[in-house]
Amino acid sequence: YINLLHKFGMFAVLVFASFALTIIKGVGLLFSSRFDRKKSGAVSVTLMLYLIISIGNPIMFSPICVISHMLAIMLIRRREH
């Protein structure tokens, strides 16, 4: 992750902020009182678990990981409305 900060500079802050915001909103949905929001929170946090694997393996920007991040964002945005 430190290498990404070096390579992307200030843009890396935006990338990491989007990861953090997705996880924070997903965890927030987990504590909701409605079951459908809890389910969306659980799925979105599960989709973001690739970040743990990315610590030792440079797969963070592989297509499947980017798609799972976009799906997590879609689930969070759909449940906010």
Side-chain angles (χ1 to χ4, degrees):
Y1 292 131
I2 294 174
N3 190 21
L4 286 178
L5 287 173
H6 178 334
K7 284 183 180 179
F8 294 142
M10 291 302 293
F11 292 112
V13 173
L14 298 174
V15 171
F16 289 132
S18 72
F19 292 154
L21 189 62
T22 304
I23 292 171
I24 290 169
K25 286 197 174 241
V27 170
L29 285 175
L30 279 173
F31 293 112
S32 176
S33 61
R34 294 179 47 196
F35 178 73
D36 61 335
R37 289 184 180 219
K38 283 185 181 186
K39 186 170 64 171
S40 294
V43 171
S44 64
V45 170
T46 303
L47 285 170
M48 296 303 292
L49 287 178
Y50 72 88
L51 291 174
I52 296 171
I53 300 168
S54 296
I55 291 173
N57 190 356
I59 64 163
M60 185 179 294
F61 296 114
S62 69
I64 192 70
C65 293
V66 172
I67 289 172
S68 63
H69 186 199
M70 290 179 358
L71 285 172
I73 291 172
M74 188 245 351
L75 281 171
I76 290 170
R77 289 191 49 94
R78 187 175 66 169
R79 294 299 172 197
E80 286 180 348
H81 294 105

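In what follows, every heavy atom counts, from backbone to side chain, and hydrogens, waters and symmetry copies are set aside.
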Is it possible for you to say whether [X] and [Y] belong to one hydrophobic cluster, with membership spreading through side-chain heavy-atom contacts below 4.5 Å?
X   : Y   : result
I76 : L21 : no
M70 : M74 : no
V66 : Y50 : no
F16 : I24 : no
M48 : F31 : yes

Item to check | Distance-minimising heavy-atom pair for G26 and S44 | outcome: CA-OG, 3.5 Å
Item to check | Minimum heavy-atom distance L29-G41, with the two atoms named | outcome: CB-CA, 3.7 Å
Next on the checklist: Applying side-chain hydrogen bond (donor to acceptor under 3.5 Å, both in side chains), can you list everything that pairs with T22, at least two apart in sequence or on another chain?
Outcome noted: H69
Next on the checklist: If you define the side chain from C-beta out and look only at heavy atoms, does anything of L51 sit under 4.5 Å from I23?
Outcome noted: yes
Item to check | L47 CG to I67 CD1 distance, which is reported to the nearest 0.5 Å | outcome: 11.5 Å
Checklist entry - Does CG in L14 sit with more than 12 non-hydrogen atoms of other residues, nucleotides or ligands closer than 6.0 Å? => result yes
